[in-house]
Q: 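Okay, handing you the structure first.
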Amino acid sequence: DGGITQSPKYLFRKEGQNVTLSCEQNLNHDAMYWYRQDPGQGLRLIYYSQIVNDFQKGDIAEGYSVSREKKESFPLTVTSAQKNPTAFYLCASRIRDTHYEQYFGPGTRLTVT
Amino acid sequence: AQSVSQHNHHVILSEAASLELGCNYSYGGTVNLFWYVQYPGQHLQLLLKYFSGDPLVKGIKGFEAEFIKSKFSFNLRKPSVQWSDTAEYFCAVNYQENQGGKLIFGQGTELSVKP
């Protein structure tokens, strides 16, 4: 089955630790995105990548980092510099040069204490 | 600034009632418009989309939406809701002038349907 996988589903970390969230897609999509979802705030864009080895900051990139070494993978690192990291993180992808419809993974809920 | 606003944060309806969820976006040229739904414990999935042509678009599960360009609105409707429509609904806009195909999301509307 084609789709987007995110692992793990739940993640717990202590304050001050970096943590990496996984996102893999086998849809052969070119572009990938990371969003953060908080209650009452919708989804906010953290980073996105349109091609391998290239990525751009979204609206709330501070305290996060990404890499795009392979087309199918777009991991997100939540660093200790992120002031409020507890949230639900969603990964998405789309084919380039289409009408911008994005497909979403199941999400990772990160809790930092 | 580009923004999307959903007027209702939480809507409670009885089964068979009609639904209309509001969505307005700020001016920004040509747009592509989407409604996504997030059922409890499930992936965010696309309900319907508008790119061009007929401003009344039909989606899955009996949902439809109307694009009114003069009002910068893209309201979601369903004539008769079911308990299984209980979910969170998100309006999203792609401004074509933006690089990268980014979507800007509204705050979301939580719909609770009472059986």
Side-chain angles (χ1 to χ4, degrees), chain A residues 1-7 9-10 23-25 27 29-51 54-61 66 68 74 87-109, chain B residues 1-11 21-25 28-53 57 59-60 67 87-110:
Chain A
D1 286 337
I4 301 173
T5 57
Q6 293 185 242
S7 60
K9 189 172 181 179
Y10 298 96
C23 177
E24 303 278 332
Q25 54 98 359
L27 300 167
H29 285 177
D30 304 289
M32 296 185 74
Y33 303 81
W34 273 106
Y35 293 90
R36 171 183 171 136
Q37 184 179 359
D38 297 283
Q41 297 192 55
L43 280 70
R44 293 179 290 166
L45 182 65
I46 303 172
Y47 267 98
Y48 64 102
S49 167
Q50 298 186 79
I51 55 172
D54 189 44
F55 47 83
Q56 287 77 37
K57 292 181 180 180
D59 300 318
I60 56 165
V66 293
R68 186 89 186 276
F74 191 40
F88 189 51
Y89 291 88
L90 288 167
C91 180
S93 70
R94 73 171 181 91
I95 302 172
R96 275 185 87 183
D97 301 326
T98 63
H99 290 296
Y100 310 108
E101 175 181 339
Q102 294 182 16
Y103 296 83
F104 285 82
T108 292
R109 187 167 298 280
Chain B
Q2 295 168 346
S3 64
V4 179
S5 177
Q6 292 181 238
H7 315 298
N8 315 101
H9 296 295
H10 192 187
V11 173
L21 301 182
C23 173
N24 285 89
Y25 62 94
T30 304
V31 294
N32 298 309
L33 302 161
F34 306 86
W35 275 96
Y36 282 87
V37 61
Q38 191 173 38
Y39 297 104
Q42 294 190 27
H43 297 204
L44 202 68
Q45 57 186 278
L46 184 69
L47 262 183
L48 46 77
K49 56 192 176 187
Y50 172 81
F51 301 135
S52 62
V57 293
I60 61 172
F67 171 48
E88 190 158 19
Y89 293 80
F90 294 93
C91 180
V93 178
N94 162 256
Y95 292 87
Q96 289 195 12
E97 66 184 24
N98 289 346
Q99 295 285 332
K102 294 184 288 183
L103 294 180
I104 297 175
F105 283 82
Q107 305 92 323
T109 297
E110 186 178 346

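Numbered from 1 within each chain, the chains take letters A, B, ... in sequence-line order. All of these numbers come straight from a predicted model, not from anything done at the bench.
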Q: Against chain B, label A/F55 side chain, backbone, both or neither, depending on which of its atoms sit under 4.5 Å from a heavy atom there.
A: neither
Q: Less than 4.5 Å apart, side chain to side chain, heavy atoms only: is that true for B/K102 and A/Q56?
A: no
Q: Heavy-atom pairs under 4.5 Å with chain A - which of B/Q38, B/H10, B/E110 has more of them than the others?
A: B/Q38
Q: If I measure from the heavy atoms of chain A, does B/Q42 come under 4.5 Å with its side chain, its backbone, both, or neither?
A: neither
Q: Between B/C91, B/G106, B/G108, who has the most heavy-atom pairs with chain A when the cutoff is under 4.5 Å?
A: B/G106
Q: Could you report the tightest heavy-atom contact between A/P106 and B/H43, atom names first, then the distance?
A: CB-NE2, 3.3 Å
Q: State, with a plain yes or no, whether a side-chain heavy atom of A/Y33 is found less than 4.5 Å away from one of B/L103.
A: no
Q: Working to the nearest 0.5 angstrom, can you tell me the gap between B/Y36 OH and A/F104 CZ?
A: 5.0 Å
Q: Would you give the length of the straight line joining atom CD of A/E101 to atom CG of B/N94, rounded to the nearest 0.5 angstrom?
A: 11.5 Å
Q: Say whether, by atom type as modelled, one donor and one acceptor occur between the side chain of A/Q102 and the main chain of B/G101 under 3.5 angstrom.
A: yes
Q: Chain A heavy atoms under 4.5 Å from B/Q6: which part of the residue, side chain, backbone, both or neither?
A: neither
Q: What part of A/L43 is in contact with chain B, defined as an atom under 4.5 angstrom from a non-hydrogen atom: side chain, backbone, both or neither?
A: both
